[in-house]
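Accompanying notes for the structure given below.
Predicted model, so just to flag it, every value in this text is computed and none were measured.
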Amino acid sequence: LRNVKDSTTNIYLQECASQKLLPRPSPLITGHSCRLDARHSGLNDAELNACRVCMAQLSVEAVDLEANMTLSDQTIADFLGSLGAASLSSLSFLSLKDCSGAG
């Protein structure tokens, strides 16, 4: 098991607390998946930014943000820019379909 102090879950929870956000743990954040499946989740910029703080530590194979209509271009760009080197070589799926706030 990962050390809880340095885990992506702990980093995510600390970021949520500092931003006064209700955490939405996903299998990617908890280390149970290599996929971020957030389609139709109603994510806003602050919530995606909370996920972003631990992305460099993860190897991400897929990102599905379909139909998160309030996400802005800048937040999506910042999120994708936060993916670490491991994700840049492993990312095989990206969906921004119906992210109408972006564009």
Side-chain angles (χ1 to χ4, degrees):
L1 294 174
R2 295 182 298 192
N3 183 347
V4 174
K5 180 180 178 190
D6 298 324
S7 74
T8 54
T9 302
N10 193 48
I11 294 167
Y12 171 73
L13 292 173
Q14 288 176 354
E15 182 65 15
C16 286
S18 74
Q19 299 299 317
K20 297 182 179 14
L21 296 170
L22 183 63
R24 292 189 190 196
S26 72
L28 175 68
I29 299 295
T30 61
H32 294 96
S33 176
C34 294
R35 303 174 59 87
L36 177 61
D37 184 358
R39 63 186 163 203
H40 301 281
S41 297
L43 286 179
N44 61 40
D45 286 349
E47 291 167 326
L48 189 59
N49 280 330
C51 292
R52 180 172 61 97
V53 299
C54 56
M55 286 297 111
Q57 300 177 27
L58 301 171
S59 177
V60 182
E61 295 175 358
V63 174
D64 191 346
L65 297 173
E66 181 178 329
N68 284 281
M69 296 183 236
T70 63
L71 294 176
S72 68
D73 283 344
Q74 188 61 54
T75 297
I76 292 171
D78 291 346
F79 175 80
L80 294 175
S82 72
L83 296 176
S87 294
L88 295 177
S89 62
S90 64
L91 188 67
S92 61
F93 179 82
L94 172 65
S95 176
L96 303 175
K97 181 180 177 187
D98 296 329
C99 288
S100 58

Distance check, rounded to the nearest 0.5 Å: [X] atom [atom1] versus [Y] atom [atom2]?
X: T8; Y: L58; atom1: OG1; atom2: CG; result: 5.0 Å
X: N44; Y: M69; atom1: CG; atom2: CE; result: 13.5 Å
X: S95; Y: R39; atom1: OG; atom2: CZ; result: 9.0 Å
X: I76; Y: L48; atom1: CD1; atom2: CG; result: 7.5 Å
X: R52; Y: E47; atom1: CZ; atom2: CD; result: 14.0 Å
X: S82; Y: L80; atom1: OG; atom2: CG; result: 7.5 Å

Heavy-atom pair with the smallest gap, counting every atom of [X] and [Y]:
X: S87; Y: L83; value: CB-CB, 3.9 Å
X: L21; Y: A50; value: CD1-CB, 4.0 Å
X: S59; Y: S90; value: OG-OG, 3.3 Å

Side chains of [X] and [Y] in contact at under 4.5 Å (non-hydrogen atoms):
X: E61; Y: L36; result: no
X: L88; Y: L91; result: no
X: V53; Y: Q14; result: no
X: P25; Y: T9; result: no
X: F79; Y: V63; result: yes

Query raised in the report: Name the one of S18, S7, P23 that satisfies side chain to side chain contact (heavy atoms under 4.5 Å, CB included) with L13?
Result: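 In the set S18, S7, P23, the residue that makes a side chain to side chain contact (heavy atoms under 4.5 Å, CB included) with L13 is P23.
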
When you measure from the side chain of [X] to the backbone N and O of [Y], does any donor-acceptor pair fall under 3.5 Å?
X: T70; Y: L43; result: yes
X: R24; Y: S41; result: yes
X: S33; Y: L28; result: no
X: N68; Y: G42; result: yes

Report task. With sequence neighbours left out, write down each residue that passes side-chain hydrogen bond (donor to acceptor under 3.5 Å, both in side chains) with R35, or none if nothing qualifies. Result ->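 Residues passing side-chain hydrogen bond (donor to acceptor under 3.5 Å, both in side chains) with R35: none at all.
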
Query raised in the report: Taking only residues two or more places apart in sequence or in another chain, which ones pass side-chain hydrogen bond (donor to acceptor under 3.5 Å, both in side chains) with D45?
Result: S72, T75

**Report entry** Q19 vs N49, side chain to side chain contact (heavy atoms under 4.5 Å, CB included): CA-CA, chis, key distance, verdict
**Finding:** CA-CA 10 Å; Q19 299 299 317; N49 280 330; over 6 Å; no

